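In what follows, every heavy atom counts, from backbone to side chain, and hydrogens, waters and symmetry copies are set aside. The model shown is predicted, which means the values in this text are computed figures rather than measured ones.
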Amino acid sequence: MITSTTNQVAGATNTAKAVSGRGMDALGQGDFLRLLTVQMQQQDPFDPVDNKEMLAQMAQFSSLAGVSETNAMLERIADKLDQLIETTQSASEL
């Protein structure tokens, strides 16, 4: 059952990718929620996905979102530090 659900989710991902023209690295929280909804709609009611597995998927996505936000913040900090270094160097040359 998990394999068929995974295949359906993969198919939905490919469809979303084809429609929107975005790659896998551009998927966001809205895309995850759409995939989760499709997964829940397509599951066998007599053999549903285990709650632990569903929570694990949600936890992994939340962790990934946190890491992405951290990376974006670190890039902004690095840009500001580069600007500060340039400003300091140009001020010391005067």
Side-chain angles (χ1 to χ4, degrees):
M1 176 57 204
I2 293 173
T3 303
S4 65
T5 303
T6 303
N7 291 339
Q8 290 169 352
V9 171
T13 303
N14 290 337
T15 301
K17 180 179 173 184
V19 169
S20 63
R22 297 179 298 174
M24 291 296 284
D25 57 341
L27 292 175
Q29 189 170 9
D31 298 310
F32 174 76
L33 292 175
R34 278 191 290 275
L35 290 173
L36 180 64
T37 303
V38 169
Q39 182 178 2
M40 292 178 75
Q41 289 173 343
Q42 300 296 322
Q43 72 179 342
D44 182 4
F46 297 108
D47 186 22
V49 176
D50 184 27
N51 288 338
K52 291 178 185 177
E53 183 178 330
M54 188 73 68
L55 288 174
Q57 290 177 3
M58 292 171 70
Q60 286 176 341
F61 186 79
S62 294
S63 175
L64 179 62
V67 168
S68 296
E69 289 177 21
T70 301
N71 286 342
M73 179 62 74
L74 288 173
E75 286 179 20
R76 288 194 297 270
I77 290 171
D79 290 341
K80 290 190 183 285
L81 287 174
D82 288 342
Q83 291 173 356
L84 180 62
I85 290 170
E86 289 175 10
T87 304
T88 305
Q89 287 176 346
S90 63
S92 65
E93 293 174 359
L94 295 176

Only distances under 3.5 Å count here; give the side-chain donor-acceptor pairs of residues 73-90 to other protein atoms, sequence neighbours excluded, each with its distance to 0.1 Å.
{"unit_1": "T87", "atom_1": "OG1", "unit_2": "Q83", "atom_2": "O", "d": "2.8"}
{"unit_1": "T88", "atom_1": "OG1", "unit_2": "L84", "atom_2": "O", "d": "2.7"}
{"unit_1": "S90", "atom_1": "OG", "unit_2": "E86", "atom_2": "O", "d": "3.2"}
{"unit_1": "S90", "atom_1": "OG", "unit_2": "T87", "atom_2": "O", "d": "2.9"}

Mind checking the CE-CD spacing from M54 to Q39? Nearest 0.5 Å is all I need. 4.5 Å

Looking at residues at least two apart in the chain, or sitting in another chain, which of them share a side chain to side chain contact (heavy atoms under 4.5 Å, CB included) with Q60? none

Report whether L64 and M58 are members of the same hydrophobic cluster (ILVMFWY, side-chain heavy atoms less than 4.5 Å apart, transitive linking).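 Cluster IDs for L64 and M58 differ.
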
Determine yes or no for a side-chain-to-main-chain donor-acceptor pair under 3.5 angstrom, with S63 supplying the side chain and A59 the backbone.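 It does not hold such a pair.
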
